[in-house]
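What follows is one structure encoded as structure tokens, with my remarks underneath.
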Amino acid sequence: MGNRKSRTRRCSLGPIRRRSTITASLLRWYRRNSRDLPWRGERDPYRILVSEVMLQQTQVGRVLAKYPLFLSRFPSFQKLARAKSSSVIKAWQGMGYNGRAVRLWRLARTLMLDGGGKLPGDTRALQKLPGIGLYTASALACFTFGKQVAVVDTNVSRVLYRLFPASVRRRTVSRNETIRRGDLWDAAASLLPKGRAKQWNQALMDLGSTICTARAPKCGACPVQAHCPSAHQINRTRADQRKREPAREGIPNRIYRGRIVEALRNLNGTSSIGQHQLAVSIKPNYRRGDRKWFRQILVDLERDGLVRLARTTTGLRVSLPD
DNA sequence: AACGCGGGGTG
DNA sequence: CACCCAGCGTT
């Protein structure tokens, strides 16, 4: 793959000489500037998995604050699998995207049930597990099993697009600078320095998160600025017309969802709460006209495994699932 | 390909 | 206030 002669990849990234210079510069920079993150010192695949799932669309700073507590509460696949999903959802407090907690819990149960209690080592098998997509599978393969595979997250994606704009074409611009997926992963794979995938992937991530940032990148401090066609040319972030999300009185549904789960976390023990009392607590001006809307939110949450709904003679009661 | 999903930090 | 974040699953 690093063979200069038979490069038949679709997306050539230019002369091999310049690529070597870039990889060498970046690896050198990384040796002196790597972030010291707790999961980078871990060997246990479980502990790395937890960090990767937490890091899905969630900033490092927030994960740092929650990671140790979660691990002390659930130190292993087995402990996680034996726990009630409600306790996992509670431990997820403050992380956002609560569905990740449910999927992680389901993953642990799947593993204890028919996976021999251990993560598979290859990307393909990993991706079949709940909550593990292409990124997380690749990250696990590389960071815990030492596989020489590319790992492309939002940081890497941005760095590659800026460094190789001609080769890594941007197909669509959506929320994040989304790049045409195939090209991007191909480009990342063709860049991997032999035997250094782990350092290389983490170097790209660190560069993206500390220097080559989405807004106001610090090109003057960049180790590869001399090779970057985008250096000092990032003027403004794109107006990125966000689609409006489903909302009620200006507040997105997902915020109400978050409020509901948070309210249930704060109930004591196994208790549940009546639908109306819950509704009023998460939307103070709750009215009859909101009933259908609120019911749908609850049904969606139930589908996502985040709440349990119980029909009683007095009406609907809501709690965290067992 | 386009959505929906949390919630806090930043410019 | 709008953008941003170590993405994933569904449609």
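Within every chain, numbering begins at 1; the chains are lettered A, B, ... in the order of the sequence lines, protein sequences first and strands thereafter.
Nucleic acid contact class of Trp39(A) (heavy atoms, under 4.0 Å, all strands): base. Heavy atoms of Ser209(A) sit nowhere under 4.0 angstrom from any nucleic acid atom. Across all strands, Met95(A) comes closer than 4.0 Å to base atoms (heavy-atom distances). Using a 4.0 Å heavy-atom distance criterion, Leu301(A) is classed as making no nucleic acid contact. Residue Pro252(A) is classed as having no contact, given no heavy-atom separation below 4.0 Å to the nucleic acid. Within 4.0 Å of Val156(A), counting heavy atoms only, lies no atom of the nucleic acid at all.
For the pair Asp300(A) and Gln59(A), both in contact range of DNA chain B, the more 5′-proximal nearest nucleotide belongs to Asp300(A). Each of Arg303(A) and Gln56(A) lies near DNA chain C, and the nucleotide nearest Gln56(A) is the one positioned closer to the 5' end.
The side-chain heavy atoms of Val152(A) and Tyr135(A), taken from C-beta on, include no pair separated by under 4.5 Å.
In terms of polar N and O atoms assigned as donor or acceptor, the side chain of Arg62(A) comes within less than 3.5 Å of the base of dG7(B) in a complementary pairing. Arg254(A) contributes a side-chain N or O that forms a donor-acceptor pair with the base of dG7(B) under 3.5 Å. Side-chain N/O atoms of Arg257(A) and base N/O atoms of dC5(B) include no donor-acceptor pair closer than 3.5 Å.
As rounded to whole Å, 11 Å separates atom P of dG7(B) from atom CD1 of Ile260(A). In this structure, CD1 of Ile89(A) is placed 14 Å from C1' of dG6(B), rounded to the nearest angstrom. When the P atom of dG7(B) is taken as reference, atom CH2 of Trp92(A) falls 13 Å away, rounded to whole Å. In this entry the distance linking CD of Gln57(A) with C1' of dG9(B) reads 14 Å, nearest Å. Between the CZ atom of Arg158(A) and the P atom of dG7(C) there is a distance of 10 Å, rounded to whole Å. Atom-to-atom, CG of Asp153(A) to P of dC8(C) comes out at 10 Å; the value is rounded to the nearest Å. Residue Leu64(A) contributes atom CG, which lies 15 Å from atom C1' of dG8(B) at whole-angstrom precision. When the C1' atom of dC4(C) is taken as reference, atom CD of Glu245(A) falls 14 Å away, rounded to whole Å.
Two rings, from Trp293(A) and Tyr256(A), have their centers less than 6.0 Å apart.
For Thr58(A), no side-chain nitrogen or oxygen approaches OP1 or OP2 of dG7(B) to under 4.0 Å. Considering only side-chain N and O atoms, Thr154(A) lies under 4.0 angstrom from the phosphate OP1 or OP2 of dC5(C).
Both the sub-6.0 Å distance and the 45° axial angle are not jointly satisfied by Arg73(A) relative to the ring of Phe70(A).
Near-neighbour residues of DNA chain B inside residues 97-108 of chain A, defined by a heavy atom below 4.0 Å, number-ordered: Tyr97(A), Asn98(A).
One finds no salt bridge joining Glu245(A) and Arg257(A) here, because no Lys/Arg side-chain nitrogen approaches an Asp/Glu carboxylate oxygen to under 4.0 Å. Salt-bridge annotation for Lys283(A) and Asp290(A): present, with a side-chain N of the basic residue lying under 4.0 Å from a carboxylate O of the acidic one. In summary, Glu262(A) and Arg265(A) engage in a salt bridge, as defined by a charged side-chain N under 4.0 Å from a carboxylate O.
Applying the salt bridge (charged side-chain N to carboxylate O under 4.0 Å, His left out) test to every pair with at least one member in residues 220-232 of chain A, sequence neighbours left out, gives no pairs at all.
For Pro246(A), taking side-chain heavy atoms from C-beta onward, the closest of the listed nucleotides dG7(C), dC5(C), dG4(B) is dG4(B). The side chain of Arg215(A) lies closest to dA2(C), out of dC5(B), dC5(C), dA2(C).
Panel note: side chain Ser230(A), backbone Arg162(A); a donor-acceptor pair is recorded below 3.5 Å. A donor-acceptor pair is defined here as one N or O able to donate and one able to accept, closer than 3.5 Å; such a pair exists between the side chain of Arg62(A) and the backbone of Gly94(A).
When the P atom is compared between dG6(B) and dT10(C), the two are found 15 Å apart, to the nearest whole Å.
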